[in-house]
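Convention: sequence-line order gives letters A, B, ...; per-chain numbering from 1. For clarity, every value in this text was computed on a predicted model and none was experimentally measured.
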2 protein chains.
Amino acid sequence: MSDQALRVPRQPSRPKKARSAERKRRSAVPANEPGAPISLAPLNRLAGYLIRQAQLWVFQDFNETLAPLDVRPVQFSILTLIGENPGLSQMALSRVLGIVRSGLVPLLDSLEGRGLLKRSASTTDRRSHALYLTADGRTLLVRANALVGEHEERLRQKVGPSGHKQLLKVLEVFGRGI
Amino acid sequence: MSDQALRVPRQPSRPKKARSAERKRRSAVPANEPGAPISLAPLNRLAGYLIRQAQLWVFQDFNETLAPLDVRPVQFSILTLIGENPGLSQMALSRVLGIVRSGLVPLLDSLEGRGLLKRSASTTDRRSHALYLTADGRTLLVRANALVGEHEERLRQKVGPSGHKQLLKVLEVFGRGI
DNA sequence: TATTGTTATACTCTATAACTATA
DNA sequence: TATAGTTATAGAGTATAACAATA
């Protein structure tokens, strides 16, 4: 964050000239009062919208809870899946996670660089890697599981014990079990 | 997509030299069979994981359903909120959406460029804009609501009618109602 | 001094195409 | 020919800092 000279400016995602054309004339119309209540009624009746809001809460609380270990949700999923299925290939992992195989590479690079997993040569197919947790990876996963338990408990308190049970049952259909 | 000369190469997110160091030695260890079933049990017991998987399904189905109108979930939320709260300011909108105000600018640029909304001058505060739907915006929102209804119906079929009712009730706590 | 909208910047995630090495 | 892993590339989403205009 200190060496600015190494940075290359990025291509802006939209051409600049389009923007000025987008805001040309602005007639004066009465606006809502600043402190006025905002109606969200139509959105709050959509289960899809509520699922999205719930997911944002989950990720935020997960990240805050797991911050001491610096573990994101997808990293936790990767470590858990490799721990449960030692020798997993990257292709199999990418299929289960719903991530294209090229997107998995930097994620595994990072975890391998931290010494949490290793890519071993497969004995059956020299193209593929067999993924294993290291001892450090197993140790971190134990600590992560404890924190995830705290996070899950906070979620249970948020929706209530019966709500939590209902979620596990109703959303079971979305769990990818192969 | 044709004029390659205009493109500026992007800064890779991670330094290249770190990668080779990350995969040094690879001992040969027995790997899981390629066709072997993969255990997801520990993840499928976490409500947070299931909420995430459900949200991925929701976005995918939403995008496929609304593709004819080229409306993403966040764009639908913006149009709905402005339709329900005409004259809304960008600050108020960004707070409700949970988006920082700078992130809202390109979203509104795009929708304004498509003629779906307009930024009008506020009568009370010359720093702020009052957001309104255009006639085209209202027309599109009507059509979008019909498609969102189809999407919601598919979600209801996915989790069952009683499951859908339970979701609306259990997840109500995540709906931001100000 | 503080706030609103904007710009510039950068990191993450996701996706596609092409390459290497293997099958 | 097809597949596993990798690289390069591009776009979306999200975040911070700084600026001008205004409060």
Side-chain angles (χ1 to χ4, degrees), chain A residues 1 3-4 6-20 22-23 26 31 34 52 56 59-60 63 72-75 77-78 88-95 97-110 112 119-122 124-131, chain B residues 1-4 6-16 18-20 22-23 26 31 34 52 56 59-60 63 70 72-75 77-78 88-95 97-110 112 119-131:
Chain A
M1 316 305 175
D3 201 342
Q4 218 170 353
L6 287 180
R7 295 189 183 162
V8 174
R10 293 174 123 214
Q11 184 86 320
S13 50
R14 298 175 57 249
K16 237 189 234 174
K17 60 162 193 171
R19 303 207 174 181
S20 60
E22 281 164 7
R23 36 192 155 80
R26 273 163 209 177
R52 171 60 170 168
L56 290 174
F59 266 32
Q60 174 138 357
N63 285 329
R72 299 311 110 197
V74 66
Q75 294 173 322
S77 293
I78 289 173
L88 200 64
S89 75
Q90 294 186 199
M91 271 305 297
L93 183 56
S94 73
R95 269 192 292 264
L97 290 172
I99 297 174
V100 292
R101 65 191 196 280
S102 62
L104 195 57
V105 174
L107 288 168
L108 295 179
D109 283 349
S110 167
E112 190 175 26
R119 290 163 159 119
S120 296
S122 164
T124 56
D125 187 338
R126 281 192 298 168
R127 293 174 304 182
S128 74
H129 297 156
L131 302 171
Chain B
M1 316 302 176
S2 57
D3 200 341
Q4 217 170 356
L6 288 179
R7 295 191 184 160
V8 174
R10 295 173 122 216
Q11 183 87 321
S13 51
R14 298 175 56 248
K16 237 188 231 175
R19 303 207 173 180
S20 60
E22 281 163 7
R23 36 193 155 80
R26 276 166 206 172
R52 171 60 172 167
L56 290 174
F59 267 32
Q60 173 138 357
N63 285 330
D70 193 23
R72 299 311 108 197
V74 66
Q75 294 174 321
S77 293
I78 289 173
L88 201 64
S89 76
Q90 293 186 198
M91 270 306 296
L93 183 57
S94 74
R95 269 192 292 264
L97 289 171
I99 297 175
V100 292
R101 66 190 194 281
S102 62
L104 196 56
V105 174
L107 288 169
L108 295 179
D109 284 350
S110 167
E112 191 175 25
R119 291 162 159 120
S120 297
S122 165
T123 51
T124 55
D125 187 338
R126 281 192 297 169
R127 291 173 305 182
S128 75
H129 297 156
L131 301 171

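Between the side chain of R126(B) and the base of dT22(D) there is no donor-acceptor pair of N/O atoms closer than 3.5 Å. One can find a donor-acceptor pair under 3.5 Å joining the base of dT16(C) and the side-chain atoms of S102(A).
For V100(A), the listed nucleotide lying nearest its side chain is dT16(C); candidates were dT16(C), dT7(D), dA2(D). Looking at the side chain of R101(B), the nearest of the listed nucleotides dG5(D), dT4(C), dA4(D) is dT4(C). If you check dA4(D), dT16(C), dT6(D) against the side chain of M91(A), the one that comes closest is dA4(D).
L56(B) places its CG atom 15 Å from the C1' atom of dA12(D), with the value rounded to the nearest Å. Note: CG (N63(A)) to P (dG13(D)) measures 19 Å, nearest angstrom. Look at CD1 on I99(B): it is 9 Å from C1' on dT14(D), rounded to the nearest Å. Following rounding to the nearest Å, L104(A) (CG) and dT12(C) (P) show an atom-to-atom distance of 16 Å. Counting to the nearest Å, the C1' atom of dA15(C) and the CZ atom of R72(B) are 14 Å from each other.
Residues I99(B) and V74(B) have side chains in contact (heavy-atom distance under 4.5 Å, counting atoms from C-beta outward). At least one side-chain heavy atom of S110(B) sits less than 4.5 Å from a side-chain heavy atom of Q75(B). Between L97(A) and L107(A), the closest side-chain pair of non-hydrogen atoms is not below 4.5 Å.
In terms of position along DNA chain D, the nucleotide closest to G103(A) lies nearer the 5' end than the nucleotide closest to the other residue of the pair D125(B) and G103(A).
Proximity of Q90(A) to the phosphate of dT6(D): a side-chain N or O atom is located under 4.0 Å from OP1 or OP2. Considering only side-chain N and O atoms, R119(A) lies under 4.0 angstrom from the phosphate OP1 or OP2 of dT6(D).
Under the 3.5 Å distance criterion, the side-chain polar atoms of Q90(A) are left unmatched by any main-chain donor or acceptor of H129(A).
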